[in-house]
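Quick note on labels: first sequence line is chain A, next is B, and so on, each numbered from 1. This structure is a prediction, so every number in the text was calculated from the model and none was measured.
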Protein chains: 2
Amino acid sequence: MVVDRSVEALNEACRSRGIRLTGQRKAISEVMARAQDHPSATDIHELVTRKHPRISLATVYRTLSVLRDAGIVEEHRFGEGRCHYELADGPHHDHLIDAETGQIVEFTDPEIERLQHAIAERLGYRLTGHKLELYGVRAGDADQG
Amino acid sequence: MVVDRSVEALNEACRSRGIRLTGQRKAISEVMARAQDHPSATDIHELVTRKHPRISLATVYRTLSVLRDAGIVEEHRFGEGRCHYELADGPHHDHLIDAETGQIVEFTDPEIERLQHAIAERLGYRLTGHKLELYGVRAGDADQG
DNA sequence: ACCTCAGTTGCGAATTGTTCGCAGCTGGTG
DNA sequence: CACCAGCTGCGAACAATTCGCAACTGAGGT
């Protein structure tokens, strides 16, 4: 799923798009590159403070917006209030959220992608984006009945 | 898509669940019954004020929560910040949001429902809920090139 | 190495959407 | 018709995100 997670690749992606490389941005890229989950802005802020104790949450938000607009990170709004972020460095995928633990599982399904386009077309629209989230509990777990 | 939209049916649904029927709640039910779109809490508040000029936005939120928990209305979080509400009085459907106008089109697709279950199963989960939103622009409109 | 300045940052305050605390009110039951 | 659990209005509290502004800093040119 991950094509290239090196910080240098992210920095290069920024340079190529004319995004100035500051210490804060490099630190955020580093955190994003390491992240195995889908951290929120405050999660990221907390992690980045290890390297940049005085970095502001606003800067984290601003940087994430810049990276989002550049197509380098993806922003997700799962269920509740806050946004979650992940690198957009692999092929498209959707998410299944464990309703009990909040754990997020990534998956792809070409069939469902195709269907979404077909549905939009059927309704007279050209698909420009979509959001598919599945919520579930681990099969065979205690809460079955 | 709509099975029964009469205010009396909603009131009865409340009574049968032990939800006390106040003037405010009846007015909110009335607004929801009439709504052809997917109004936000403030939309609903604004409409309800016609009948109850002193109703508080907090009451609207509280009532919507009560109705949501009772399974009488559904709460959606499309793209941006605020929640949108609709009666849960028909069969399940998903939404396509016009990326330009914000207009919401409802649709159902048994195939996609089936696929979602299949995917969850494949990942070792039992599907308990899902969210599918398509974003698109009207095909053949100006912004094609 | 140094200058320059547009772009970036930190701070705290503003915004937006939603919820809470509490004193007063009210539906529906006896 | 009285009672009281549950409901309401109000304004304040909250949470996530954005903004305004003065100070700072990368990276290109010299």
Worksheet item: Any side-chain N or O of B:T59 less than 4.0 Å from the OP1 or OP2 oxygen of D:dG9?
Response: yes
Worksheet item: Over how many whole Å does the gap from B:F78 atom CZ to C:dG17 atom C1' extend?
Response: 16 Å
Worksheet item: What nucleotide, of D:dC10, C:dT9, D:dC7, holds the atom closest to the side chain of B:R25?
Response: D:dC7
Worksheet item: Quick check: does any side chain N or O of B:R82 sit under 3.5 Å from a backbone N or O of B:S40, one acting as donor and the other as acceptor?
Response: no
Worksheet entry | Nearest-Å distance for atom pair CD1/P, residues A:I44 and D:dA16 | 14 Å
Item to complete: Could you tell me whether B:E100 and B:R138 make a salt bridge, using a distance below 4.0 angstrom between a side-chain N and a carboxylate O?
Response: no
Item to complete: Start with the C-alpha gap between B:H95 and B:E86, add the side-chain angles, then the distance that decides, and say whether side-chain contact (heavy atoms from CB on, under 4.5 Å) holds.
Response: CA-CA 12 Å; B:H95 300 91; B:E86 69 175 318; 3.1 Å; yes
Item to complete: Could you tell me the separation between the CG atom of B:L67 and the C1' atom of D:dC7, rounded to a whole number of Å?
Response: 13 Å
Practice prompt. Measure from NE2 on B:H52 to P on C:dT26 and round the result to the nearest Å.
Written response: 11 Å
Worksheet, complete the sentence: When rounded to whole Å, the CD to P distance for the pair A:E46 and D:dA16 reads 12 Å
Worksheet item: Hey, is A:R25 close enough to A:E30 for a salt bridge, meaning N to O under 4.0 Å?
Response: no
Practice prompt. Tell me which residues in residues 13-23 of chain A put a heavy atom below 4.0 Å from DNA chain C, sorted by number, or none.
Written response: A:R20, A:T22
Worksheet item: Can you tell me if B:T108 uses its side chain to pair, donor with acceptor, with the backbone of B:H93 under 3.5 Å?
Response: no
Worksheet item: Can you check the B:H76 NE2 to C:dT18 P distance for me, whole Å?
Response: 14 Å
Practice prompt. Could you tell me whether A:R54 contacts a base, only the sugar-phosphate backbone, or nothing, with contacts defined as non-hydrogen atoms closer than 4.0 Å?
Written response: sugar-phosphate
Worksheet item: For the side chain of A:Y61, counting heavy atoms from C-beta on, which of C:dC11, C:dG17, D:dT18 is nearest?
Response: D:dT18
Item to complete: Could you tell me how the ring of A:H38 sits relative to the ring of A:F78: parallel (under 30°), tilted (30 to 60°) or perpendicular (over 60°)?
Response: perpendicular
Worksheet item: For A:Y85 and D:dA16, what is the distance between atoms OH and C1' respectively, to the nearest whole Å?
Response: 9 Å
Practice prompt. Round to a whole Å and report the spacing from CZ of A:R77 to P of C:dT18.
Written response: 11 Å
Worksheet item: How is A:R62 classified with respect to the nucleic acid when contacts are heavy atoms under 4.0 Å: base, sugar-phosphate, or nothing?
Response: base
Worksheet item: Should B:D94 and B:K131 count as an ion pair when the cut-off is N to O under 4.0 Å?
Response: no
Worksheet item: Closer than 4.0 Å, any side-chain N/O of B:Q24 to the OP1 or OP2 of D:dG9?
Response: yes
